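Structure record follows, encoded as structure tokens.
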Amino acid sequence: DGYLDADQDGVPDSEQAGDAAEQADISTYWFNFGNSPFLAFLFYQTIFALAASLFVYVEPVSGGSGIPEVKCFLNGIDLPRIVRLKTLVCKVVGVTFSVAAGLPVGKEGPMVHSGSV
């Protein structure tokens with residue numbers, strides 16, 4: 001009668017498409033990771049972690065917390081490239097990708113380093 005939903009998918013049986021060709025089949029796409037959500041999660045987390053490590057490769061000073069470097073700079077010790085715009089950009093983008101990858105990144109250290117620039 002159209003009111004009941006026999007297969008419990010949230011769509012009343014009267015509104016479902018009768019033709020199977022109208023519905024998209026996810027197994028035909030190349031990005032389905034073998035219909036495994038875990039493999040998709042693992043793939044994207046790995047890509048984000050590699051992107052974060054690429055920014056540390058570009059500017060090695062941007063790696064780590066940043067608090068010891070800022071303390072040394074404030075005490076008069078000359079550390080090269082510690083307060084440059086390139087370091088700030090690499091730090092912000094690297095921390096963003098690290099958080100997106102699910103890595104345990106603290107928020108205090110990068111904020112202190114970014115604030116000192």
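Scope of the values below: all heavy atoms of this structure, side chains included, with no hydrogens, waters or symmetry mates. Everything quoted here is computed from the prediction, not taken from an experiment.
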Margin query: If you define the side chain from C-beta out and look only at heavy atoms, does anything of E59 sit under 4.5 Å from R84?
Written below: yes
Checklist line | pair K86-V58: side-chain heavy atoms closer than 4.5 Å | finding: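 Side-chain contact under 4.5 Å: yes.
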Same apolar cluster: [X] and [Y], side chain cutoff 4.5 Å:
X	Y	result
V56	V95	no
L39	I47	yes
Y44	L42	yes
F97	V99	no

Notebook entry, point to check: Who pairs with T96 by side-chain contact (heavy atoms from CB on, under 4.5 Å), at least two apart in sequence or on another chain?
Noted result: V92
Margin query: Going by side-chain contact (heavy atoms from CB on, under 4.5 Å), E69 matches just one of L79, I77, L74, V112. Which one?
Written below: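 Going through L79, I77, L74, V112 one by one, the side-chain contact (heavy atoms from CB on, under 4.5 Å) with E69 is satisfied by L79 alone.
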Kindly compute the distance separating [atom1] ([X]) from [atom2] ([Y]), expressed to the nearest 0.5 Å.
X	Y	atom1	atom2	answer
C72	I67	SG	CD1	12.0 Å
F43	F38	CZ	CZ	14.0 Å
Y57	C90	OH	SG	12.5 Å
F41	S36	CZ	OG	11.5 Å
L103	F48	CG	CZ	11.5 Å
K91	S116	NZ	OG	9.0 Å

Next item on the list: Identify the heavy atoms of G94 and A52 that sit nearest to each other, and give their distance.
Entry: O-CB, 3.6 Å
Checklist line | Distance-minimising heavy-atom pair for A101 and Q45 | finding: O-NE2, 2.9 Å
Margin query: Using side chain to side chain contact (heavy atoms under 4.5 Å, CB included), reason through H113 and I82 one step at a time and then give a plain yes or no.
Written below: CA-CA 9 Å; H113 193 185; I82 195 69; 3.7 Å; yes
